[in-house]
Number of protein chains: 2
Amino acid sequence: MALLSVLTPVLAVVLCLVVGFMLLGSRKTKTASTSSGKTEGASKADFRPWVDQDLQDDTEITAKEDEDGDWVDTIEDEDLLHVPHSTPRYPEETMLRRSRDMYTLMNQRRSVRFISPEPFPQEVIDNVIRTAGIGAHTEPWTFVVVSDPETKHQIRRIVEEEEEVNYRQRMGDKWVHDLAKLKTNWIKEYLDVAPYLILVFKQTYGILPNGKKKTHYYNEISVSISCGLLLAALQNVGLVTVTTTPLNCGPQLRLLLKRPANEKLLILLPVGYPASDATVPDLKRKPLDDIMVRI
Amino acid sequence: MALLSVLTPVLAVVLCLVVGFMLLGSRKTKTASTSSGKTEGASKADFRPWVDQDLQDDTEITAKEDEDGDWVDTIEDEDLLHVPHSTPRYPEETMLRRSRDMYTLMNQRRSVRFISPEPFPQEVIDNVIRTAGIGAHTEPWTFVVVSDPETKHQIRRIVEEEEEVNYRQRMGDKWVHDLAKLKTNWIKEYLDVAPYLILVFKQTYGILPNGKKKTHYYNEISVSISCGLLLAALQNVGLVTVTTTPLNCGPQLRLLLKRPANEKLLILLPVGYPASDATVPDLKRKPLDDIMVRI
């Protein structure tokens, strides 16, 4: 009996330690299971990644929803007909001239923040967006073209409100300092002034006529590529823009422009002629040998 | 004394519970501090996100390394000189014609997987890459141009080995089914046949001459935009390509091509004339009204 009363505290200690470690164990599991899809992907990935870990492409995370059965194949069962393809073929001298001419034209392109309010035909914008639209076959984009002054002003208010917070609080001294070089700040007069604002939304997934979802692989890369075509098309007609990615304005602008939940704002482009007094920072581009390696 | 021997187990229990909860507490903190930069960003973000949560831009995560003091401002203290900017100004009729002509030319562009081995002047590739290089001022890219047959073949072996696993194991029936429409599989003959392979690497950060790191904001979007310019430039000279993002080949190709650790493969483009018997899937593009919204 005496022995028992001596042992009781020891038993109690052992019991509590057991309980304690069980609690720790459960906490550990809980943490793991609440980690993000990407993290889960990464742990699976130790054997065979299902997501491109190197590019951190999140398409497959979107595609996971597939398991809800709420998705369908993007195509009919039978293969699509394949047709012969030909591309205009130029003699080498013409190829060389065309490649030099296009470089000369594009090399004049600069990001311009001083845009003239002068109008120009909407058809030019239409053709520029048609040109941008020849990118990926999934066409995971929506180009919202805003010329209505009131909507442009609401966009400016949203962007400036967020951008001021970005500059004052989020971006950190270094980023702000980097941008100082470009004389950029949170005042975006061009959002009122430019005759057209093009807001480029990426569709993280598509919606088929029957309401089913359709995976858009690498949608951000595809939409950015089409923006590159758009920049080339604008330069080709003598219009200027500045490629902006307003930090954290996406959700508000999406609601303002009544875009659906599968769309996210990627890039906002004010478009117009350059203002007569437009200036640009005197940046020098890297020489070809700094950006190209031959093997 | 009897009272004490009765209380001892109780005291022991209390003591153990206290220890247990202290352990839990420390575990909790540890878990939080070992969670990824993105997760931390997200939790901060409940108040004011430092990262664009909507685009899931990971630039700021890269930029976090700044705290190591291993980073510097990308620019000198004084603002950069600003210079007047002018862009070629065309009459409206000319703008309209140029916008139609460029759309007509670009609208002939298709992803072509059947590429002719016929050579053409390297200077064409140089000018095309110069054109792609007019994108973001940070120029966060390296274009590796491979014409050496042995290196092309090693690239093909790496890509096919990974792609076969992708098709057989990773991508899932739906994605494979989607691609069946395009008659794509893991056999990439064009990697041997095309006279040039352009491998586009994004630099997640830059390295200054003094070895310090330099943040590249939104580097993936910037590099994808420059790829859009590159596609336009190729089409302009009558060359074809297919935009590929070989899943999980990045690290091996980076090592093969001896690219530094700050570079990640974004896109691989085989470039050449189309093969005389080249075919493309008979895809129809969306009408303008399906990709553009006017406000």
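- Contacts of Val240(A) with chain B are made by side-chain atoms alone, with heavy-atom separations under 4.5 Å and no backbone atom involved.
- Taken from CZ in Phe143(A) to CE in Met292(B), the straight-line distance is 10.5 Å, to the nearest 0.5 Å.
- Interface remark: Val83(B) contributes backbone and side-chain atoms alike to the contact with chain A (heavy atom separation under 4.5 Å).
- Leu105(A) touches chain B through its side chain: at least one heavy atom from C-beta onward sits under 4.5 Å away, while N, CA, C and O do not.
- For Thr243(B), the part lying near chain A is the side chain, with the backbone staying farther off; criterion is any non-hydrogen pair under 4.5 Å.
- The choice from Gln235(B), Met106(B), Arg89(B) that makes the most heavy-atom pairs within less than 4.5 Å of chain A is Arg89(B).
- For Asp282(A), the side-chain hydrogen bond (donor to acceptor under 3.5 Å, both in side chains) partners are Lys284(A), not counting sequence neighbours.
- Options Val223(B), Leu197(B), Val146(B) differ in how many heavy-atom pairs under 4.5 Å they form with chain A, and the most are formed by Val146(B).
- Not counting sequence neighbours, Glu92(A) has no partner by the salt bridge (charged side-chain N to carboxylate O under 4.0 Å, His left out) test.
- Counting heavy-atom pairs closer than 4.5 Å to chain A, the top-ranked of the candidates Asn107(B), Thr94(B), Val124(B), Asp148(B) is Val124(B).
- Side-chain contact check for Leu231(B) versus Ile225(A): some heavy-atom pair is nearer than 4.5 Å.
- Comparing Pro287(B), Gly228(B), Ala132(B) by how many heavy-atom pairs each has under 4.5 Å with chain A, the most go to Gly228(B).
- The shortest side-chain heavy-atom distance between Thr142(B) and Val293(A) falls under the 4.5 Å cut-off.
- Looking only at heavy-atom pairs under 4.5 Å with chain A, the residue among Lys152(B), Arg254(B), Glu123(B) that has the most is Glu123(B).
- Residue Arg294(A) touches chain B through both its backbone and its side chain, counting heavy-atom pairs closer than 4.5 Å.
- Considering every non-hydrogen atom in both Ala233(B) and Met102(A), the closest pair reads CA-SD, 3.6 Å.
- Between the OG atom in Ser111(A) and the NE2 atom in His85(B) there is a gap of 9.5 Å [rounded to 0.5 Å].
- Heavy atoms of Leu288(B) lying under 4.5 Å from chain A belong exclusively to its side chain.
- Residue Leu266(B) holds its CG atom at 9.5 Å from OH of Tyr218(A), rounded to the nearest 0.5 Å.
- Residue Arg259(A) touches chain B through its side chain alone, counting heavy-atom pairs closer than 4.5 Å.
- Of the listed residues (Ile129(A), Leu230(A), Leu239(A), Asp101(A)), the greatest number of heavy-atom pairs within a distance under 4.5 Å of chain B belongs to Ile129(A).
- Taking each heavy atom of Tyr90(B) and Asn236(A) in turn, the nearest pair found is CE1-O, 3.7 Å.
- Under the 4.5 Å side-chain criterion, counting only non-hydrogen atoms from C-beta, Ile134(B) is not in contact with Arg110(A).
- Within the 4.5 angstrom heavy-atom criterion, no atom of Asp277(A) approaches chain B.
- Only the side chain of Thr151(B) comes within contact range of chain A, with at least one heavy atom under 4.5 Å from a heavy atom of that chain.
- Distance CD1/Ile221(B) to OG/Ser224(A): 5.0 Å, rounded to 0.5 Å.
- The two atoms that bring Ala232(B) and Leu229(A) nearest to each other are CB-CD2, 3.7 Å, heavy atoms only.
- The most heavy-atom pairs under 4.5 Å with chain A, out of Ile198(B), Thr104(B), Val145(B), come from Val145(B).
- Side-chain N/O atoms of Arg100(B) and Asn127(A) include no donor and acceptor closer than 3.5 Å.
- Taking chain B as the reference chain and counting heavy-atom pairs below 4.5 Å, the highest number among Val280(A), Asp290(A), Val144(A) is found for Val280(A).
- Atom CG of Leu96(A) is separated from atom CZ of Phe120(B) by 10.5 Å, given to the nearest 0.5 angstrom.
- For the pair Gln108(B) and Pro88(A), the tightest heavy-atom approach, listed with the atom from each and the gap, is OE1-CD, 3.3 Å.
- For Val112(B), the part lying near chain A is the side chain, with the backbone staying farther off; criterion is any non-hydrogen pair under 4.5 Å.
- Here Tyr273(B) contributes atom OH and Ser86(A) contributes atom OG; the two are 14.5 Å apart, rounded to the nearest 0.5 Å.
- Both the backbone and the side chain of Pro84(A) come within contact range of chain B, with heavy atoms under 4.5 Å apart.
- Nearest heavy-atom pair, Thr279(B) versus His82(A), reported as atom, atom and distance to 0.1 Å: OG1-ND1, 3.6 Å.
- Residues Gly133(B) and Ile291(A) share a closest heavy-atom pair of CA-CD1, 4.1 Å.
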